Number of protein chains: 2
Amino acid sequence: MRSSVWTRERRRPPRETLSREQVVRAAIELLDSEGLNGLSMRKLAERLSAGATSIYWHVETKDDLLEYVIDEIYGEVDVPDADLAGWRSGAILLAHSLRATILRHPWLPEAISSRISIGPNAMSLSRRATALFRSAGFTGFDLDHAAGALFSYVIGSTGSQAAWMATVKASGKTVNEWANEVYAQALAAAKDDYPEQKERIADWKDVDLLQMQSASFSFGLECLLDGFAARL
Amino acid sequence: MRSSVWTRERRRPPRETLSREQVVRAAIELLDSEGLNGLSMRKLAERLSAGATSIYWHVETKDDLLEYVIDEIYGEVDVPDADLAGWRSGAILLAHSLRATILRHPWLPEAISSRISIGPNAMSLSRRATALFRSAGFTGFDLDHAAGALFSYVIGSTGSQAAWMATVKASGKTVNEWANEVYAQALAAAKDDYPEQKERIADWKDVDLLQMQSASFSFGLECLLDGFAARL
DNA sequence: TAGACACTCGCACACTGTACGAGTCAATCG
DNA sequence: CGATTGACTCGTACAGTGTGCGAGTGTCTA
């Protein structure tokens, strides 16, 4: 008779111990509240009530930890099933889900822009995204190109927006206070140096920054999808 | 009588001194050769044959230095004059120039993704880009949205490609050696876990990675521009 | 009971950004 | 001419970083 579940099921000692999942979760919390520069092994250890170097049993280096963290975040992105509501609304949902994920974790763009994403969740995300575009009718390389373009646009656009929001937050002002100040400065600068830009800047008076960013995101997204549609 | 050599030789030019431009240039060299993590004030000082803290006379903090550096790089991007060859080929040239700039300085995406770009060169770039889209016929917010979407896409797409290239470089292999290895691994993984992906992966055999990235970039770019065109 | 394993963690090291204050030189002033 | 000023340099120091090492602790298996 083969070893029973009981004797086999002793992977973890009863002693309460750290786990990689715990470390990763705590790191995400720290990143969300203090940003990429705010993450240090010592602060992370403190949050886990552990010694700083204990973390290194569960994770090879800080860089590795970030790779786990990033893949965990990729798991938060929803991809609609290919044949639920058509490829286009599927792609829109995917794009908005990715955007929301980035806005929830604004340090993500900086973290991913220096590494490639090949963790299991990233792979699964990419697989489901290509399935979506296959259902649209794309084949061959165009499949990868279309999915890649969508991700690139969403990350580029949302990354820039996240940077704006971070700047606002760092200023200690509310979004609209800040927007009004920037508007006033831009208008003053234009009056002196670039009078021909005055009308364009005047358009910005009293806009809601968040709504504007959302509209800007959708504009580019629809353009891209129109381009996809034209190739089917 | 003209001043003799003697008296002229006694007139030394003002003490040879550091300048912000010099610091910025040296920082860019260091970044290009060692990446964002390779830039430290001490290494930069060494490259300038100066004391580490001398740099702080010309630059408030390291973060400020990076802001100067980034704006300097924005100055490398070409924007064709609006009415030279039509907006579409103008936008294509702009996109390719920005892409080439990023590939020359692959640390750029990571550096810009955590800050907003409001230096003089960035502003000038943005102004010329919107001029280009105005000549296309865009007005109002669509002007900013279109220009923003183009930048977002180019930065997102090229940033991801730069990350791949960095990974290849770090592996010490040539691009194609590396691509072949990844191909083999992906094929093996798919055979075991996702047999339905086999054909898609088989397509990648012996592709030229650089050419593929360039094609992928152009694909997304043309899609985006098609979407722009449809709104005019 | 002995030993192997799965962890924890204090210490140490090389390195980071940068505040501070003393030092050096050229131009200017009296 | 000497004194003063202001632009610039830089050594020292400090708090903080990632992480290698090796000694410790508790639990399982033989």
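Below, chain A is the first sequence line, B the second, and so on; all start at residue 1. Every value quoted in this text rests on a predicted model; they were computed, and no experiment measured them.
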**Q** Whole-Å distance between D:dG20 P and A:Lys62 NZ?
**A**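 One finds 14 Å between P of D:dG20 and NZ of A:Lys62, rounded.
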**Q** Check this for me: does the side-chain of A:Arg42 come within 3.5 Å of the base of D:dG16 through a donor and an acceptor?
**A**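 Check fails, no donor-acceptor contact within cut-off.
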**Q** A:Leu44 CG to C:dC9 P: how many Å, rounded?
**A**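 It is 13 Å, rounded to the nearest whole Å.
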**Q** Do A:Asp144 and B:Arg200 have side chains that get closer than 4.5 Å, going by heavy atoms?
**A** yes
**Q** Can you check the B:Asp64 CG to C:dA19 C1' distance for me, whole Å?
**A** 16 Å
**Q** Base, sugar-phosphate or nothing for A:Ala50? Non-hydrogen atoms, less than 4.0 Å.
**A** sugar-phosphate
**Q** Look at the aromatic rings of B:Phe217 and B:His96 and report parallel, tilted or perpendicular, splitting at 30° and 60°.
**A**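 The rings of B:Phe217 and B:His96 stand perpendicular, inter-plane angle above 60°.
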**Q** Given D:dG18, C:dT8, D:dT9, identify the nucleotide with an atom nearest to the side chain of A:Tyr56.
**A**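 Side chain of A:Tyr56 sits closest to D:dG18.
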**Q** Quick one: is D:dA7 close enough that its OP1 or OP2 comes under 4.0 Å of any side-chain N or O from B:His58?
**A** no
**Q** What's B:Ser54 touching, base or sugar-phosphate or nothing? Going by heavy atoms closer than 4.0 Å.
**A** base
**Q** Do the side-chain N and O atoms of A:Trp107 and A:Asp32 include a donor-acceptor pair separated by under 3.5 angstrom?
**A**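 Yes, side-chain donor-acceptor contact under 3.5 Å.
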**Q** Can you tell me if A:His105 and A:Glu76 form a side-chain donor-acceptor pair at under 3.5 Å?
**A**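 Side chains of A:His105 and A:Glu76: pair found under 3.5 Å.
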**Q** Once you apply a heavy-atom cut-off of 4.0 Å, does B:Ala52 come out as touching a base, just sugar-phosphate, or nothing?
**A** nothing
**Q** Has A:Thr53 got a side-chain N or O lying under 4.0 Å from the OP1 or OP2 atom of C:dT8?
**A** no
**Q** Under 4.0 Å, heavy atoms only, any strand: does A:Leu39 hit a base, just the sugar-phosphate, or nothing?
**A**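 Sugar-phosphate contact only.
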**Q** Nearest to the side chain of B:Lys43, heavy atoms from C-beta on, is which of D:dT17, C:dT8, C:dT16?
**A**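 Among D:dT17, C:dT8, C:dT16, the one nearest the side chain of B:Lys43 is C:dT16.
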**Q** Find the distance B:Trp57:CH2 to D:dG11:C1' and express it as a whole number of Å.
**A** 17 Å
**Q** Would you kindly give the CG-to-P distance between B:Leu65 and C:dT16, to the nearest whole Å?
**A** 15 Å
**Q** Take atom CD of A:Glu46 and atom P of D:dT17, then tell me their distance rounded to the nearest Å.
**A** 10 Å
**Q** Between A:Leu30 (CG) and D:dT17 (C1'), how many Å, whole number?
**A** 14 Å
**Q** Whole angstroms only, please: what is the CG-P distance between B:Leu48 and D:dC8?
**A** 15 Å
**Q** Taking B:Pro109's backbone N and O only, do any of them form a donor-acceptor pair with B:Ser113's side chain (distance below 3.5 Å, no angle check)?
**A**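 Checking the backbone N and O of B:Pro109 against the side chain of B:Ser113, a donor-acceptor pair under 3.5 Å is found.
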